[in-house]
Amino acid sequence: APAKQQRPLKLNAGCDCPEFGHTRVHIDAKDPAPISVCKLHEGCLQGVCSWGAILARANEMGMQLDELLDESNHNHPLWSFQAKYLAQGCQNFMFTAPPAEIVLVGSLFDLAPKNLIPNIIEEIRSETGDQFLYNKAELDAFLVHRSLSQEALVGALHHSVSILQNDSAHMLQGAER
């Protein structure tokens, strides 16, 4: 029998977007605004947890940006679901390539309510149970936050809003046809 030809190994074989943000998360059936804004994948981490997704979900729930960022709304269901989805992303990473720590960086973590990261940690603990053997202090140190500059925050929010506006314009144009 002839020898089987082997295809050369490609780092992104069959995938045009090999990045962790496109890993899948399970959209909770109780989520009142199960929106994913990723143009490539329905229900990936980036599509559900990016600022574009959060702003679209807030809009769907009748919230304005200032309400969303108001610390008095830290227990709003939107933030509870964000913590759940971000915890799933962290777990995907933890169980695939266990890091020494996970650094949460970006405007989401700079502007979100202060309880977002503790809520992510709680979601991880409740989902993993005995599979994740860190105690609370170790887990608190395992997920760390690093801040971006004010200019980066403003730029990220501006970019997210412009993407949403462009997407809305395209949807309206499509509806008119």
Subject >> side chain to side chain contact (heavy atoms under 4.5 Å, CB included) between L45 and F93, intermediate numbers included >> reply: CA-CA 11 Å; L45 184 63; F93 192 46; over 6 Å; no
Subject >> Residue pairs fulfilling side chain to side chain donor-acceptor pair (under 3.5 Å) with at least one residue in residues 85-94, sequence neighbours excluded >> reply: D31-Y85
The criterion is side-chain contact (heavy atoms from CB on, under 4.5 Å); which residues satisfy it with [X], sequence neighbours excluded?
X: K30; answer: D28, F81
X: N73; answer: M63, E67, D70, H76
X: L69; answer: W51, L65, L111

Subject >> Test side chain to side chain contact (heavy atoms under 4.5 Å, CB included) applied to I102 and V144, step by step >> reply: CA-CA 6 Å; I102 294 178; V144 295; over 6 Å; no
Original post:
With no hydrogens and no angle check, do the side chains of D110 and H145 hold a donor and an acceptor under 3.5 Å apart?
Top reply: yes
Note, [X] side chain near [Y] side chain (heavy atom, < 4.5 Å):
X: I27; Y: S36; result: no
X: L55; Y: V37; result: no
X: L143; Y: I120; result: yes
X: N115; Y: N75; result: yes
X: L86; Y: L108; result: yes
X: N119; Y: W79; result: no
X: P99; Y: F142; result: yes

**OP:** Please collect all salt bridge (charged side-chain N to carboxylate O under 4.0 Å, His left out) contacts where either partner lies in residues 89-100, sequence neighbours excluded, each pair once.
**Re:** none
**OP:** Name all pairs fulfilling the salt bridge (charged side-chain N to carboxylate O under 4.0 Å, His left out) condition that reach into residues 46-56, sequence neighbours left out, sorted by first residue then second.
**Re:** none
For the student: nearest non-hydrogen atoms of [X] and [Y], plus distance:
X: R57; Y: A33; value: NE-O, 2.9 Å
X: A87; Y: E123; value: CB-CB, 3.4 Å
X: A53; Y: G47; value: CB-O, 3.0 Å
X: H22; Y: C38; value: CE1-SG, 3.4 Å

If you round to the nearest 0.5 Å, how far is [atom2] of [Y] from [atom1] of [X]?
X: N59; Y: L68; atom1: CG; atom2: CG; answer: 11.0 Å
X: C90; Y: I121; atom1: SG; atom2: CD1; answer: 9.0 Å
X: H74; Y: S80; atom1: NE2; atom2: OG; answer: 9.5 Å

